[in-house]
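Side-chain atoms are counted along with the backbone in the values below, which use heavy atoms only and exclude waters and symmetry mates. Residues: numbered from 1 along the sequence shown.
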Amino acid sequence: QAQVVESGGGLVQPGGSLRLSCATSGFGSVYYAVGWFRQAPGKEREGIACISSRGSELGYADSVKGRFTVSGDNVKNTVYLQMNSLKPEDTAVYYCAGDKLGLQYTCSGRPDPNDFGDWGQGTQVTVSS
């Protein structure tokens, strides 16, 4: 069964760093691309980063560009989100998801949640002093 599982969230001070992991049932074999999303209380889920399994396509929302880096390991079937210079406004539940469009999907800019099907349970990231 296709699935994704996030890990790595926690409490961090402003300016700190965290690395989230997204273990998948097949990065490249099951999913062509994986996206990262977040949802803060009272707000809609927003796409923040995506990566294709070929590694040639990367996309970031403007709000995280230059601070967050997405990377993937096809052998470990795992996608990572390195988050640096964290701000209180980055506080949210972070999700990863596998795409549902296959090779038709183009990872560019902020990913659209509607293009992704299998979602993880989420991991909480809290940025606070």
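- A pairwise comparison of heavy atoms in P113 and R45 identifies CG-O, 4.1 Å as the closest pair.
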Check against side chain to side chain contact (heavy atoms under 4.5 Å, CB included), T123 and V93:
CA-CA 5 Å; T123 184; V93 177; over 6 Å; no
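- When the side chain to side chain donor-acceptor pair (under 3.5 Å) test is applied to S17, the partners found at least two apart in sequence or on another chain are N84.
- The closest side-chain heavy-atom distance from V64 to R110 is not below 4.5 Å.
- Within a 6.0 Å radius of CD in E89, other residues, nucleotides and ligands contribute more than 12 heavy atoms.
- Counting heavy atoms from C-beta outward, P111 and Y105 have side chains that approach closer than 4.5 Å.
- Minimum interatomic distance between T91 and V127 (heavy atoms only, all atoms of both residues): OG1-N, 2.9 Å.
- Side-chain contact between L103 and R54 is present, with heavy atoms from C-beta onward closer than 4.5 Å.
- You'll find the side chain of Q121 reaches within 4.5 Å of the side chain of E6, heavy atoms only.
- Between P88 and P14 the shortest side-chain heavy-atom distance falls below 4.5 Å.
- Counting heavy atoms from C-beta on, the side chains of K100 and Y32 never come closer than 4.5 Å.
- Note that the OG atom of S129 and the CG atom of L11 stand 9.5 Å from one another [nearest 0.5 Å].
- Counting all heavy atoms, side chain and backbone alike, S53 lies closest to N74 at O-ND2, 2.9 Å.
- In this structure, L18 CG and Y94 OH are separated by 9.0 Å, a value rounded to the nearest 0.5 Å.
- A pairwise comparison of heavy atoms in V30 and S25 identifies CG2-O, 3.7 Å as the closest pair.
- Listed by chain and number, the residues in a salt bridge (Lys or Arg N to Asp or Glu O under 4.0 Å) with K87 amount to none (sequence neighbours excluded).
- In this structure, the side chain to side chain donor-acceptor pair (under 3.5 Å) partners of R67, at least two apart in sequence or on a different chain, are D90.
- Taken from CG in L81 to OG in S71, the straight-line distance is 8.5 Å, to the nearest 0.5 Å.
- Between T78 and F27 there is no side-chain heavy-atom pair separated by less than 4.5 Å.
- No continuous path of hydrophobic side-chain contacts links L20 to Y95 [ILVMFWY only; heavy atoms under 4.5 Å].
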Before giving the answer on side chain to side chain contact (heavy atoms under 4.5 Å, CB included), spell out for D115 and D99 the whole-Å C-alpha distance, their side-chain angles and the decisive distance to 0.1 Å.
CA-CA 6 Å; D115 293 333; D99 78 278; 5.9 Å; no
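- In this view, C22 and V4, T24, V34, W36, V79, C96 satisfy the side-chain contact (heavy atoms from CB on, under 4.5 Å) rule, not counting sequence neighbours.
- The side chain to side chain donor-acceptor pair (under 3.5 Å) search around T106 returns none, not counting sequence neighbours.
- Sorted by first and then second residue, the ring-ring contact (aromatic ring centres under 6.0 Å, His included) pairs involving residues 37-93 (not counting sequence neighbours) are F37-F116, F37-W119.
- The minimum heavy-atom distance between C50 and S108, with the atom names listed, is SG-N, 3.8 Å.
- Counting heavy atoms from C-beta on, the side chains of V125 and M83 come closer than 4.5 Å.
- Considering every non-hydrogen atom in both C107 and G59, the closest pair reads SG-N, 3.6 Å.
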